[in-house]
Amino acid sequence: MQKEKEWQHEKEHLKICRSVIAENIKEYEKQVKERHEETQALFDEVQSGNVELYAQMMTSKSLEEHSFNQLVKNQAAFEKPYFGRIDYKNIDERLFESVYIGKHGVLKDKTNIEVVDWRAPISSVYYENELGKGTYSIVDTSKDEYQIKEYNIDLSLKRTYDIDNGQLKGYYDSDVAANDELLVKYLSKNRDAVLGDIIATIQKEQNEIIRENPFHNILVQGVAGSGKTTVAIHRISYIMYNYKERFTSNEFCIVGGSDILIDYITGGLPELEVYDIKHMRMDELLVYLLKKEWKKKYTIVAPDPKKAWKSKMLFVNELENYMKLLRKRILADCVVYDKEIGMLLSQKNNDNFINGHAQYSINRILVTLDERLRNRIKLQCTGRSEEGILQRKYNEYRGYFSSHCYNGSVVSIYLNFLEIYGDTYYIDMTSVKEKILGGRFDVYDVAAMVLIYYRALQKKPDDEFGQMFIDEAQDFGPMVYYVLKTVLPECYFTIMGDVSQNVNYECGMNEWRDMRNKIFCDETDSFRVLSKSYRNTIEISDFAGKILTSVSRGAYKIEPVIRHGEPVHFVDSISMQEAVGLCSEIIDAQKKKGYETMAVICFDDDTRDSVSQKLARQTDIIDSDKSGFSKGVMVLDVAQTKGLEFDCVLLWKPDLKNYKENPKLAKLLYVAATRALHELFIIN
């Protein structure tokens, strides 16, 4: 009887909530129409010459955009207004609250909230707290120093709803979200449905990373399918929602190793109300930081595994030592003594200034010394009777230091350094210098030049980036991250990766030691581990887990969510033609099951091109170079699949015999196998 009563109460509440949203939609549609007409009328007036109405027009446009955004949020919330509810007593204020939580916040009126946004501080209770006494925090971002106020609560109910097309299908009272029937139900859907529902099933360990203080650097080691990318984009949304006074959208940047990965990541941002943020490949970011030092004639090439020493910390440490020597030589003698007016800049004074501004480039130091010299001249000439002495001394010492600014290029400094480095470590530098003189640079060359630019030539600090999110971080060696952290001292990093998925075996990251001990090693920097996989079925996880043992030596093991599916399919063929035909048949069968994203994954570029050409004669293939990540069938090499997931995956002739003795091969195989959400086929 009580259950039936509760069920009716929940159905009635959903009905009332949707009616509130329906009224909101009507009101905001009306507002958008009226404000658009007002903005257009004001625009016509301004165009006619009535420029004093410009400010009024901009205000009207802002109000129109606000109404439109509210309209979109309410329209998005109508079919599924909320996914969770918490009932709790606020112990400090002795109030009982029942809060419904949704993907989009919904207002009942100007002062009352119908549905709380998932990013609001109170929503953390749904994701993290167990039944009983606990706490949640609110950060006051309105002041220069952020203050945290903690509230004590007693949680009596945590409920998750299954709502589809405005209909209540069921609800689950649970204390541990990972065991929810709803989670397994969502994970069983195809990829697009999973992304749509993921906010309802964010797990405690994921939520802690999402809501981590944005003024910290975070490193996240997450096994395949642990939700690293999902956590990253939700963290962006959370910070933009709660810290809008501190960060603007153009201070955020998403960095990945490939265009297809960035396309995959950014595709989910509008749904989380994230707009207008930068996104670049790693090489594009480094080129961007080089400013005008990067010439149009230069090109980016893939790193040579035989030159992997450039990706290591030793290399960048030696470069730092070289730049210190260069700095010391150029700034060695900055004493200025004038016979007429006395000591202007003493050695001690200069040393204190130079040593106290280690973050200043050599050229910035020289320009600033000119400013200090000018101020000192003014002080020394004050009260002197000689007519025109101040202007005469200004002219005499104009550009005294800045005229000696380093005018060479970062390339010339880099080549000089390489000459010394190669001699010190007995490296044959012929091919390296030949490549650089020809204008061909790999990502580690560019990173080195960014550091040189920062140490020698930079005129003013780069404060453009406030929050940087790097996915698939293991694709790059630690020297890149040392450079980024050094040249962007005011930026905070969220770095997501899995060292077991490093397909750039020689040059990338195979462990986190340097990152944790030498780069992100401040007390406030944190290292998190996500070991639970939500992507694969038990059958696929078991298959991948055996490979992972060879890759990580047991350091990071997969803990799969209990979701069973089809066994891994092993398909034998006697020829290339037969294998292509079998792939086509499998793809057709999977489409009939309703799967929308499929990938045939090959283990080298030549095989990928060959398979793509032959398979395209029998089924529709998406050209990833033109369309990025999209529904349908894609033929990719392993590197192209990094960070992606597909409903169904076909592995083209993997080497299942030799991976145990070959860590590089094992990592490729592990990455490829863990791309599959539901079904995995091995084409032998």
Side-chain angles (χ1 to χ4, degrees), residues 2-3 5-24 70 73-74 76-78 80-142 146-163 168 170-178 180 182 199-204 206-208 210-211 234 237-238 241-244 273:
Q2 180 63 32
K3 285 186 177 180
K5 188 176 179 181
E6 185 73 5
W7 175 258
Q8 291 303 322
H9 167 77
E10 291 291 6
K11 286 183 68 176
E12 184 63 23
H13 183 272
L14 178 60
K15 182 179 177 182
I16 293 170
C17 182
R18 295 186 77 222
S19 68
V20 168
I21 296 171
E23 286 299 314
N24 286 349
Q70 291 299 319
K73 285 172 69 171
N74 278 268
F78 185 66
K80 190 171 185 177
Y82 48 81
F83 56 76
R85 168 186 163 188
I86 51 173
D87 292 357
Y88 64 95
K89 180 182 179 182
N90 188 320
I91 296 173
D92 302 308
E93 300 178 3
R94 297 182 179 179
L95 294 173
F96 180 82
E97 299 277 357
S98 183
V99 174
Y100 286 81
I101 301 166
K103 192 172 183 179
H104 306 278
V106 176
L107 295 173
K108 190 172 186 178
D109 49 51
K110 290 183 179 179
T111 56
N112 294 300
I113 298 173
E114 182 70 22
V115 179
V116 172
D117 192 290
W118 72 272
R119 296 166 292 188
I122 186 60
S123 299
S124 65
V125 173
Y126 170 80
Y127 293 115
E128 293 185 15
N129 288 47
E130 298 177 356
L131 297 182
K133 292 184 178 178
T135 61
Y136 77 96
S137 301
I138 293 180
V139 180
D140 183 358
T141 61
S142 62
Y146 294 103
Q147 298 179 345
I148 298 175
K149 186 172 182 181
E150 198 168 79
Y151 292 89
N152 296 296
I153 63 165
D154 189 352
L155 182 63
S156 56
L157 177 71
K158 181 157 67 172
R159 179 168 289 174
T160 303
Y161 297 92
D162 184 6
I163 298 172
L168 181 64
Y171 59 80
Y172 307 84
D173 291 342
S174 176
D175 195 20
V176 183
D180 277 353
L182 197 59
I199 289 176
T201 57
I202 290 171
Q203 303 299 287
K204 180 179 179 180
Q206 296 171 326
N207 187 64
E208 288 173 350
I210 291 169
R211 295 173 188 265
H234 284 76
S237 180
Y238 170 79
Y241 179 86
N242 287 283
Y243 295 86
K244 56 178 72 75
E273 299 176 38

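Computed from a prediction, not measured in an experiment: that's the story for all the values here.
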Next item on the list: For the residue pair Ser156 and Asp154, confirm or rule out a side-chain donor-acceptor distance under 3.5 Å.
Entry: no
Next item on the list: Only counting residues at least two apart or in another chain, list the ones meeting salt bridge (charged side-chain N to carboxylate O under 4.0 Å, His left out) with Asp87.
Entry: Arg85
Next item on the list: Report the residues that fulfil salt bridge (charged side-chain N to carboxylate O under 4.0 Å, His left out) with Glu208, sequence neighbours left out, ordered by chain and then residue number.
Entry: Arg528
Check: Can you list the steps and then say if Val99 with Val125 is a side-chain contact (heavy atoms from CB on, under 4.5 Å)?
Finding: CA-CA 10 Å; Val99 174; Val125 173; over 6 Å; no
Check: Sequence neighbours excluded, which residues qualify as side-chain hydrogen bond (donor to acceptor under 3.5 Å, both in side chains) partners of Ser19?
Finding: none
Item checked: Over all atoms of both residues, closest heavy-atom pair of Thr135 and Ile153 -> N-CG1, 4.2 Å
Notebook entry, point to check: Atom NZ in Lys103, atom NZ in Lys73: separation rounded to 0.5 Å?
Noted result: 13.0 Å
Margin query: Working to the nearest 0.5 angstrom, can you tell me the gap between Glu97 CD and Lys89 NZ?
Written below: 12.5 Å
Check: Can you name the residues that form a side-chain hydrogen bond (donor to acceptor under 3.5 Å, both in side chains) with Asn90, not counting sequence neighbours?
Finding: none
Notebook entry, point to check: What are the two closest non-hydrogen atoms of Asp117 and Gly105, and how far apart are they?
Noted result: OD2-N, 3.5 Å
Checklist line | Gap separating the CZ atom of Phe96 from the OH atom of Tyr88, nearest 0.5 angstrom | finding: 9.5 Å
Next item on the list: Determine the minimum heavy-atom distance between Pro121 and Ile138, stating which atoms define it.
Entry: CB-CG1, 3.8 Å
Next item on the list: Identify, with sequence neighbours excluded, every residue that meets side chain to side chain contact (heavy atoms under 4.5 Å, CB included) alongside Lys15.
Entry: Glu12
Item checked: Shortest non-hydrogen contact from Tyr171 toward Tyr161 -> CB-CD2, 3.7 Å
Notebook entry, point to check: So how far is it from Ile210 CD1 to Ser237 OG, rounded to the nearest 0.5 Å?
Noted result: 9.0 Å
Note to self: On a heavy-atom basis, which atom in Lys158 and which in Tyr126 lie closest, and how many Å separate them?
What the structure shows: CD-O, 3.0 Å
Next item on the list: Measure the CD1-NE2 distance between Ile16 and His13 for me, rounded to the nearest 0.5 Å.
Entry: 7.0 Å
Next item on the list: With Glu10 as reference, evaluate Lys5, Arg159, Lys3 under the salt bridge (Lys or Arg N to Asp or Glu O under 4.0 Å) test and give the passing residue.
Entry: Arg159
Checklist line | Rounded distance (nearest 0.5 Å) linking atom CD1 of Ile101 with atom CD1 of Ile86 | finding: 4.5 Å
Note to self: Using a 3.5 Å distance criterion without hydrogens, assess whether the side chain of Asp92 forms a donor-acceptor pair with backbone atoms of Asn152.
What the structure shows: yes
Check: With sequence neighbours excluded, what pairs up with Tyr238 under the ring-ring contact (aromatic ring centres under 6.0 Å, His included) test?
Finding: none
Next item on the list: Report the residues that fulfil side chain to side chain contact (heavy atoms under 4.5 Å, CB included) with Ile113, sequence neighbours left out, ordered by chain and then residue number.
Entry: Leu107, Val116
Note to self: Among residues at least two apart in sequence or on other chains, which ones pass side chain to side chain contact (heavy atoms under 4.5 Å, CB included) with Ser124?
What the structure shows: Tyr136, Asn207, Arg211
Notebook entry, point to check: Taking only residues two or more places apart in sequence, or in another chain, which ones meet Phe78 in a ring-ring contact (aromatic ring centres under 6.0 Å, His included)?
Noted result: none
Checklist line | For Glu93, side-chain hydrogen bond (donor to acceptor under 3.5 Å, both in side chains) partners two or more places apart | finding: none
Next item on the list: For Glu273, enumerate each residue passing the side-chain hydrogen bond (donor to acceptor under 3.5 Å, both in side chains) test, keeping only those at least two apart in sequence or located in another chain.
Entry: His104, Arg119
Check: Is there side-chain contact between Leu168 and Trp7, with at least one heavy-atom pair below 4.5 Å?
Finding: yes
Notebook entry, point to check: Considering residues at least two apart in sequence or located in another chain, which fulfil the side chain to side chain contact (heavy atoms under 4.5 Å, CB included) criterion with Val115?
Noted result: Cys17, Tyr82, Val106
Margin query: Give me the atom names and distance for the closest heavy-atom approach of Val139 to Tyr243.
Written below: CG2-OH, 3.6 Å
